[in-house]
Amino acid sequence: MSTIAGGCGACVVLLSKYDPVHDKVEDYTVNSCLTLLFSIHGCSITTTEGLGSQKEGFHSIHQRLAGFHASQCGFCTPGMCVSLFSALVNAEKSDREESPPGFSKLKVSEAEKAIAGNLCRCTGYRPIADACKSFAGDVDIEDLGFNTYWQKEEGKELKVSRLPVYDSSCQISTFPDFLKSELKLRMLLDSGKYSWHTPVSIEELQNKLELSEANYVNRVKLVVSNTGTGYYKELEGYDTYIDLRYIPELSMVKRDSESVQIGAAVSISKAIVTLDEGGEDRLSEGSVAMLKKIAAHFEKIASGSIRNSASIGGNLVMAQRSGFPSDIATVLLAVDSSVEIIRCSKRETIKLEEFLVRPPLDSKSIVVSVKIPIWEPSSKSNCKVMFDSYRAAPRPLGNALAYLNAAFLAEVSPSKSSDGITVNKIHLAFGAYGTRHAVRARKAEEFLAGRDIDHESLRKTMNLVRAAVVPENGISHPSYRISLAEAFVFEFLHSLVEPNFGFTSLGLDQYISSQSTTNCSVNEYNKKPLLLPAKQVIVPGTEYHPVGKPIGKTGAALQASGEATYVDDIPSPKDCLHGAFVYSTKPLARVNCVRYESESHPDGVVSIVSYKDIPHGGKNVGAQTIFGQDLLFADDLTRSAGERIALVVADTQRHADIAATKAVVDYDLENLEPPILTVEQAVERCSFFEIPPFLCPKPVGDFAKGMAEADQKILSAKIRLPSQYYFYMETQTALAIPDEDNCMVVYSSAQVPEFTQSVIARCLGVPENNIRVLTRRVGGGFGGKAIKAMPVASACALAAYKLRRPVRMYLNRKTDMITTGGRHPMKITYSVGFKLNGKITALHLEILVNAGISEDISPIMPANIVNGLKKYDWGALSLDIKLCKTNHTSKSAMRAPGEVQGTFIAEVVIEHVASALSIDVDVVRDQNFHTFDSLTLFCQAAAGEPSEYTLRSIWDKIASSSSFNHRKEMVKQFNKTNIWRKKGISRLPAVHGVSLRPTPGKVSILRDGSIAVEVGGIELGQGLWTKVKQMAAFGLSMINCTGSNELLDKVRVIQADTLSMVQGGFTAGSTTSESSCEAVRICCNTLVERLTPLKESLQEKMGSINWETLIFQAGIQAVNLSASTLYKPDMTSMQYLNYGAVVSEVEVNLLTGETTILRSDIIYDCGQSLNPAVDLGQIEGAFVQGIGFFMQEEYLSDPDGLVVSDSTWTYKIPTIDTIPKQLNVEILNSGHHKNRVLSSKASGEPPLLLAASVHCATRAAIKEARRQLASWSGCADDSLFQLPVPATMPVVKELCGLDIVERYLSSSPANKVTDKR
């Protein structure tokens, strides 16, 4: 897999181990990208293919994921299936009550969390969660979302009966009986280069280590799971691996009244189970609660498939040896745990604190176990033990490193000198904040010990905590991490100040006794559902059957079962080689050479390909658009960090990746100008790309006049918007196979096969008809598989041409993220004039777009930005947009390129005006809503007819359906009565113009009546094939013979082939599905015209005639049964506007900056949807991807422009725990679009713009927090602030006040009274 980090879940498989002693099979998920092959000796592996298939029958998991529309591109779906299957298998093993027929013992909350470690970029997760929940025994079937099985109004029993059958008594055998007899415990596996040992005792382990030393074996690795390589990338193998899992002492668990002892090789998942069981029966409730809370914290580490194999000891060793930001180390440090280690036959037990500060362990040191002491209150009367742990991370459920983690243990008792509480002793542990290891805040502990807790002592404690928690230089967000430490200590101790109340708004316990006895176990934690039931409102079309019907996505079950073929699934041809890019790490430098430190090439390397290998007559071109071209490889000069310099070609992908990493590039910087790395530098040096006149946005109205009419003005306000990475699940990939007569067949995961063909031909200097590019399906694109796929295919083709052998390449995630570019960053300066009632009279924008080193598609950006901006009537609009040429990788189209930035700019201006006037932002939005006349002025012909302008009705409808006005009042009341959490709510409109492009189509009817369809559009997961199938069935049904209304199952859409379907164009811009459909409809009309005379003739002779007979006779009479066309939209239908509106509500935790999206309600106008199920998936998926841009995804670079957010560890897309808790979507079937393709409208990109509502709602919540903060200080309200994009936790917390705890503690007692509410 591409990540080799265990961070995406796409490669999850079920591993099953048989225990012959207890005759029991243990089943759990693992990440195959991290699992060493030798480690699964004696195990059984179940992949999604093992659950079922098209031939043998799909498993109900496959069927339900397809039926709930839970698979789009499908690349993540196999991992989802296995994660769910594992949860079902283990639930059925439990001793729970039997579930109702057709359901499992799985709980709803468990079903949701089963996929918490799996990423999906397409769906938005809601349909996947519904498919998983459909198996849960406690599900309310009415709560499940839209699917192919039932209508909403049907009864429960009928709905249940229509679900694909799940029979818990007919489970797949995950460990077949024949394997049990083949088990061999002891083994020495030797591959010739690597050896694998499995000692069964400490003594044998020590002998192995001594023997390795005596034989000068340099690289020895002790392994339990190998998950550490996901973080510390170890591309090269070791000489010797020693598996520790079979040593009983390292795998034991012991409990007594004084401690719980866990062997170092015990997995984190098994440790969680052990701790959640709570120790011996004699323990107090407080001690049991402490163990359960530790277990609950461990449940938030990594993902389930990582926890299943990662060990407690391995985690602690990584923390000790390599400074890994471990949660386990911090939590165990707080409870004063001990570690038993062996070094050179010497055993010792030391405190974890000492273990962490010792010099890094060498490979001969063995961690045996960790001992967690049981904390019981001392014999003093009324003493209580309090324990809690904390972590602030981008994802609540784990699968993300914490900004800071903490755990606190305290013994408290009633004060003898006051009515307060005395802290007898306390442990304060902090970790993951940018330090070598977790630490105890000793001075703060000493200060608190024996002291009564009041606000003053808390304030002094905060000072000591700040002094103890000091991030190292270079760590991100240091002030934020320090503020988290204060916040967590405050959260832990504040309830002791006035024990009659606590943080009711944070849901903390209100009494000391409940602090010590709360049963916060893993089971309790797992009972909390992630998502609330949501509504999906659609109106299926009936006029053009089967068009308009919400049928399931074509191939979804194949995707779920793993049978769908992506480029990397194609078996390697004989003698196939593999490639990996060597890329520049300098933004501007001469490239002297690419070399290796050693004289010989690394293992497996066959060749290094560069621009020098381009054949005579070929060009150094890797990508092209109508605006220009991009180099395939840097020539003598590299012009951006991340630019491709060479391609290492080796016998395996692993060897190619290792060799590319080892390659040394010699640079020369002498006599070169400094690189241009900012848009400001580009302006200084006049470094711009030209914008073609036909793409230059034109001003609207008289700006000077509009400003003169304004009552107030805002001048030269600034915004910055960042980049965003595509994060398609399938990284860039291609396979090039030399063919006869100087030809080449190239399989490419590309959105633009036609241009890819042209680029390869130019690179090789051959005619385009020598190059055949094939694309069946793409594992996610979002614009990133358009221009950026071309150089990958071209590099493979060049290497294959040079070596005359097949060459394939599958970019690892890091290389993909560094070389691919992404969304365009930009700097915006705006000046706006407005009336006192909020009506804007004039807006001027100066926009500097960072285009990178080559044009790519950047010249379309100005028009696209203005496209998204024109949703309001600005009175007059003046523009100055420049495309800055910089020494960054070229930026490219990403879903709603420019439009998403434009819509955000519009909302920033609107909110700034509202703040300046101190009026409700919705008043300003209403004041600047378009009339149809103003819409026509700004959007011209794209505005269409007055009946098409549905935005005003949508705006009013969303307010009603979402109870917007009532919820606004509820939010106000919540904010008045809660200090530490604030809510915000926002309602936004979206207007997004699209353009149709010429698109080819071909429909062929075969002898048996089956139908083959080719189109220029590529199936990316957006359901293009599904809509095309429906259109073909509808178009051919016009023949009106028997059976012609049931042609859908006879239609097959075949892969794109550039020598069969020419002029395929771009699959982009949201309109390729409808233009492909129209091309197919034209073809079908042609075929119906040809068949109609024959049909009428046959009817005269035979009466009724069925489809098969008609086609058979047509073949005999030589009727041409193949029709092709190039659909060219006319001016009346080429451009149109899409409308939508959204209400989003969020809740912000002022102590951590965490933003929870409580609910989003969307109404989107799809015209008359070609397939409402497909469009619903596009709306939800685009919205969640937009949430990623506005709230979560940081695509960061170093000072040279080299991307550093280059893995799943550092780049965080939305997950099931960060999407809206409730996402309600209504697809408006407006039907006022007769110039559209069957009155349909686009859905792929426009809904992404609506995600800005989450950002605006967050800003509203922050505004309330700042107002509160100002009131504590007696200062004026500072509501004029910019909320950056993305609004991550550190960003939000900084705006809410990094010193909020300190300012609260320093404020007057009167302010604290509100805390009781």
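When reading the values below, keep in mind they use all heavy atoms of this one structure, side chains included, and skip hydrogens, waters and symmetry mates.
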Apply the side-chain contact (heavy atoms from CB on, under 4.5 Å) test between N928 and each candidate in V923, V913, I910; give the one that qualifies.
-> I910

Within 45° of the six-membered ring axis of F974 and under 6.0 Å from that ring's centre, is NZ or CZ of R981 located there?
-> no

Among all residues two or more places apart in sequence or in another chain, which pass the side-chain contact (heavy atoms from CB on, under 4.5 Å) test with Q1135?
-> A942, S995

Do Y949 and Y1139 make the cut of ring centroids closer than 6.0 angstrom?
-> yes

Report yes or no: is the cationic atom of R1259 (NZ for Lys, CZ for Arg) under 6.0 Å from the centre of the six-membered ring of F1281, at an angle within 45° of the ring normal?
-> yes

Mind checking whether Q1185 and I1213 have side chains closer than 4.5 Å, heavy atoms only?
-> no

Within a strict 4.5 Å, meaning less than it, do heavy atoms of the F938 and V866 side chains meet?
-> no

Spacing of E1145 atom CD and I985 atom CD1 [to the nearest 0.5 Å] = 4.5 Å

Let me know which of L1176, I538, I1163 forms a side-chain contact (heavy atoms from CB on, under 4.5 Å) with E1226.
-> I1163

Scan V1285, L721, I719 and name whichever one has a side-chain contact (heavy atoms from CB on, under 4.5 Å) with Q901.
-> L721

Donor-acceptor pair between Y872 and E907 side chains, under 3.5 angstrom = yes

Take I1227 and Y1164, measure what side-chain contact (heavy atoms from CB on, under 4.5 Å) needs, and give me the verdict at the end.
-> CA-CA 5 Å; I1227 296 180; Y1164 184 76; 5.6 Å; no

Could you grab the distance from atom CG of L1137 to atom NZ of K870, nearest 0.5 Å is fine?
-> 9.5 Å

Parallel, tilted or perpendicular: ring planes of Y725 versus Y1195, cut at 30 and 60 degrees = tilted

Salt bridge (charged side-chain N to carboxylate O under 4.0 Å, His left out) between E142 and K159, worked out | CA-CA 9 Å; E142 301 289 353; K159 290 177 178 177; 2.7 Å; yes

Y1211 and E1193: side chain donor to acceptor below 3.5 Å = yes

Tell me, with the steps shown, if R952 and D926 meet salt bridge (charged side-chain N to carboxylate O under 4.0 Å, His left out).
-> CA-CA 10 Å; R952 173 54 75 176; D926 282 331; 3.8 Å; yes

Show your reasoning for whether side-chain contact (heavy atoms from CB on, under 4.5 Å) applies to V1146 and L1158.
-> CA-CA 5 Å; V1146 306; L1158 300 176; 5.8 Å; no

Kindly indicate whether the side chain of M1191, heavy atoms from C-beta on, has any atom under 4.5 Å from the side chain of M1289.
-> no

Answer yes if the side chains of N1229 and Q1168 hold a donor-acceptor pair under 3.5 Å, and no otherwise.
-> no

Test salt bridge (charged side-chain N to carboxylate O under 4.0 Å, His left out) applied to R1159 and E1147, step by step = CA-CA 10 Å; R1159 176 176 165 183; E1147 186 174 290; over 6 Å; no

Salt-bridge contact E1264-K976 (side-chain N to carboxylate O under 4.0 Å) = no

So, N1224 and D1161: side-chain donor and acceptor under 3.5 Å apart, yes or no?
-> yes

Are the ring centres of Y728 and F782 closer than 6.0 Å?
-> no

Please say whether more than 12 non-hydrogen atoms of neighbouring residues, nucleotides or ligands are located less than 6.0 Å from CD in Q1222.
-> yes

Should E1154 and T1156 count as side-chain neighbours, where that means a heavy-atom distance under 4.5 Å?
-> yes

Any side-chain donor paired with an acceptor under 3.5 Å for S1243 and D1175?
-> yes

Distance flag, aromatic centroids of F904 and F1190, threshold under 6.0 Å | yes

Rounding to 0.5 Å, atoms CD1 (I828) and CD1 (I865) come to a distance of 7.5 Å

Could you tell me whether the side chains of K871 and T903 share a donor-acceptor contact shorter than 3.5 Å?
-> yes

Donor-acceptor contact present, side-chain R1266 to main-chain L1295, <3.5 Å | yes

May I ask you to check whether over 12 heavy atoms, not counting those of E945, lie within 6.0 Å of atom CD?
-> no

For residues 1246-1253, which side-chain donor-acceptor pairs fall under 3.5 Å, sequence neighbours excluded?
from, atom 1, to, atom 2, distance (Å)
S1253, OG, S1144, OG, 2.8
S1253, OG, L1250, O, 2.8

Short side-chain donor-acceptor distance under 3.5 Å, T1026 and N1171 | no

Would you tell me whether T1215 and D1217 have side-chain atoms, one donor and one acceptor, within less than 3.5 Å of each other?
-> yes

Do other residues, nucleotides or ligands put more than 12 heavy atoms under 6.0 Å from the NZ atom of K968?
-> yes

If we ignore angles and hydrogens, is there a donor and acceptor under 3.5 Å between the side chains of Q72 and Q1178?
-> yes

Worked check of side-chain contact (heavy atoms from CB on, under 4.5 Å) between I1219 and I1157 | CA-CA 7 Å; I1219 64 172; I1157 309 170; over 6 Å; no

NE2 of H992 to NZ of K1241, rounded to nearest 0.5 Å, is 11.5 Å

side-chain contact (heavy atoms from CB on, under 4.5 Å) between F68 and L144: does it pass, once the steps are laid out?
-> CA-CA 9 Å; F68 278 89; L144 298 179; 4.0 Å; yes

E899 (side chain) donor-acceptor with N867 (main chain) under 3.5 angstrom | no

Determine whether E112 and C132 make a side-chain contact, defined as any pair of heavy atoms from C-beta on separated by less than 4.5 Å.
-> no

